[in-house]
Amino acid sequence: MDIEQRQAELIDHFVKQASNQKGAALGSVIVEATSQPSLFAFSEILAVPNIAEFEGTENSKYLDMLRLFAHGTWSDYKNNAGHLPQLVPDQVLKLKQLTVLTLAETNKVLPYDELMEELDVTNVRELEDFLINECMYTGIVRGKLDQLRRCFEVQFAAGRDLRPGQLGSMIQTLSNWLTTSDNLLISIQEKIKWADTMNEMDKKHRKDLEEKVEEAKKSLSHKADVDCRGHEEIYSEPGGVMDYEEDRGRPKRRRHPLS
C-alpha cells in the first residue's frame with residue numbers, strides 16, 4: 001500500500017472517530033491521531049465540527065495541539081509548551097518529522113547546523129540517523145546526505161497542510177509560474193520558427209550551390225568535348241598533315257642560274 005492511500009484511510013478513520021466523540025474522549029482521539037506514525041496531514045480532522053467546538057473551552061488545548069501538528073514545528077511547541085498538553089514520545093518524533101518537511105518547503109539544501117538547532121539534535125551522527133531512519137525510510141522525504149558540505153540536499157518532500165491564508169499565496173505563485181511558462185513557451189516557439197527558417201535558407205543555399213557546381217561540371221565537360229573534336233578533325237582531314245615519307249619521294253625542283 002502506498003503512502004497516499006494509507007494517509008487517506010487514516011484520515012477517514014480519524015474523521016469518523018472525531019465526529020462521534022465529545023469532550024475528553026475527543027481529546028484522546030486527537031492524541032492518537034497525532035501519534036500515528038503514518039499520518040502527516042491533519043486539516044480534514046481539524047475541520048470536524050466537534051473539534052471546532054473545543055474553542056474557548058477547557059479542552060481548547062487539544063485544539064491548539066492539533067493546529068500545531070497541522071501547521072507548526074518543534075520550535076513552535078517549545079515556545080508554547082506551557083499552553084499545550086505534554087507530548088508523548090511518538091508525538092515528539094512526529095513533530096520533528098513535520099519540522100523537516102516545513103524546512104524543505106523553502107530550501108532544498110538544509111545545513112546540518114540549522115537542522116540540529118531546529119530538531120534539538122546534539123551531533124551529526126544522531127541527525128543523519130534521524131534523517132535516514134525517520135524521514136527517508138518512511139518516504140516523507142528523499143535526498144542526499146552531504147557530509148563534506150554538512151548539509152542535506154532535498155530531492156522530494158511531502159507537502160504539509162496549508163496554513164490559514166496560504167492558499168491565496170499559493171494561487172499567486174501558481175499564477176506567476178503559469179505566466180512564466182507561457183512566456184517561455186512563446187520564446188521556444190519563436191526559436192523553433194527561427195530555426196526552421198534558417199534550415200530552409202540553408203537548404204536553398206545548398207541547392208543553389210549544387211546547381212552551380214553541376215553547371216560548372218557540364219560547362220567543363222562540354223569544353224573538353226569541343227577541344228577533343230577539334231583535334232580529331234585536324235588529324236582526320238586529307239592533307240591536313242603532310243606525309244613526310246611521301247614528300248621525300250618527290251623529285252626536287254632545280255633552280256636554273258640566271259643568265
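No experiment lies behind these values; they were computed from the predicted model shown. In this chain, residues are counted from 1 in sequence order.
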Does [X] come within less than 4.0 Å of [Y], counting only side-chain N to carboxylate O?
X	Y	result
Asp202	Arg206	yes
Asp64	Lys61	no
Glu117	Lys78	no

Using only atom types and a distance under 3.5 Å, with no angle test, would you say the side chain of [X] pairs donor to acceptor with the backbone of [Y]?
X	Y	result
Asn107	Leu103	no
Asn80	Asp76	yes
Thr197	Lys193	yes
Asp12	Ala8	no
Ser35	Val31	yes
Arg160	Gly72	yes

Can you name the nearest heavy-atom pair linking [X] to [Y], along with the distance?
X	Y	result
Asn123	Met116	C-SD, 3.6 Å
Ile51	Leu46	CG2-O, 4.4 Å
Ala158	Leu101	O-CD2, 3.7 Å
Ala33	Phe42	O-CE2, 3.6 Å
Ser38	Arg6	CB-CG, 4.0 Å
Asn50	Leu26	O-CD2, 3.5 Å

Option passing side-chain contact (heavy atoms from CB on, under 4.5 Å) with Ile45 (candidates Asp161, Leu39, Val29, Leu10) |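 So the option named by the test is Leu39.
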
For the atom pair [atom1] ([X]) and [atom2] ([Y]), what is the distance rounded to the nearest 0.5 Å?
X	Y	atom1	atom2	answer
Leu119	Glu126	CG	CD	9.5 Å
Asn199	Lys204	CG	NZ	14.0 Å
Lys16	Gln21	NZ	CD	14.5 Å
Leu209	Glu214	CG	CD	11.5 Å
Glu128	Asn133	CD	CG	11.0 Å
Ser219	Lys217	OG	NZ	13.5 Å

Heavy-atom check, side chain of [X] versus side chain of [Y], under 4.5 Å:
X	Y	result
Val48	Phe14	no
Leu68	Leu66	no
Ser181	Leu185	no
Leu127	Thr122	no
Phe69	Leu87	yes
Phe152	Val141	yes

Keeping to residues at least two apart or across chains, list the ring-ring contact (aromatic ring centres under 6.0 Å, His included) pairs with something in residues 74-110.
->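 Applying ring-ring contact (aromatic ring centres under 6.0 Å, His included) to every pair that reaches into residues 74-110, excluding sequence neighbours, yields Trp74-Tyr77.
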
Looking only at the side chains, is there a donor atom on one of [X] and [Y] sitting less than 3.5 Å from an acceptor on the other?
X	Y	value
Tyr112	Gln147	no
Thr73	Glu118	no
Ser28	Glu32	no

Hey, quick one: are [X] and [Y] part of the same hydrophobic cluster, counting side-chain heavy atoms closer than 4.5 Å, chains of contacts allowed?
X	Y	result
Val124	Ile132	yes
Val213	Leu220	no
Tyr137	Val154	yes

Write out all pairs satisfying salt bridge (charged side-chain N to carboxylate O under 4.0 Å, His left out) with one or both partners inside residues 129-144, taking only residues at least two apart or from two chains.
->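 Listed by first then second residue: Arg125-Asp129.
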
With ILVMFWY side chains joined below 4.5 Å, transitively, what does Ile192's cluster contain besides itself?
->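 Direct or chained contacts put Ile192 with Leu184, Ile188.
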
Can you list the other members of the hydrophobic cluster that holds Met198, where links are side-chain heavy atoms under 4.5 angstrom apart?
->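 Besides Met198, the hydrophobic cluster comprises Trp194, Met201, listed by chain and residue number.
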
Taking only residues two or more places apart in sequence, or in another chain, which ones meet Asp146 in a salt bridge (charged side-chain N to carboxylate O under 4.0 Å, His left out)?
->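 Partners of Asp146 by the salt bridge (charged side-chain N to carboxylate O under 4.0 Å, His left out) criterion, ordered by chain and then number, come out as Arg149.
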
Lys108 and Gln155: CA distance, side-chain angles, deciding distance, side-chain contact (heavy atoms from CB on, under 4.5 Å) verdict | CA-CA 7 Å; Lys108 298 307 177 186; Gln155 298 169 347; over 6 Å; no

Go through Phe54 and Ile30 one step at a time and tell me if the side-chain contact (heavy atoms from CB on, under 4.5 Å) criterion holds.
-> CA-CA 12 Å; Phe54 273 174; Ile30 293 174; 4.0 Å; yes

Evaluate whether atom CD of Glu211 has more than 12 neighbouring non-hydrogen atoms of other residues, nucleotides or ligands under 6.0 angstrom away.
->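 For Glu211, atom CD is crowded (more than 12 foreign heavy atoms under 6.0 Å).
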
Qualifying side chain to side chain donor-acceptor pair (under 3.5 Å) pairs, either residue in residues 87-100, two or more places apart |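 The answer is Thr34-Gln91.
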
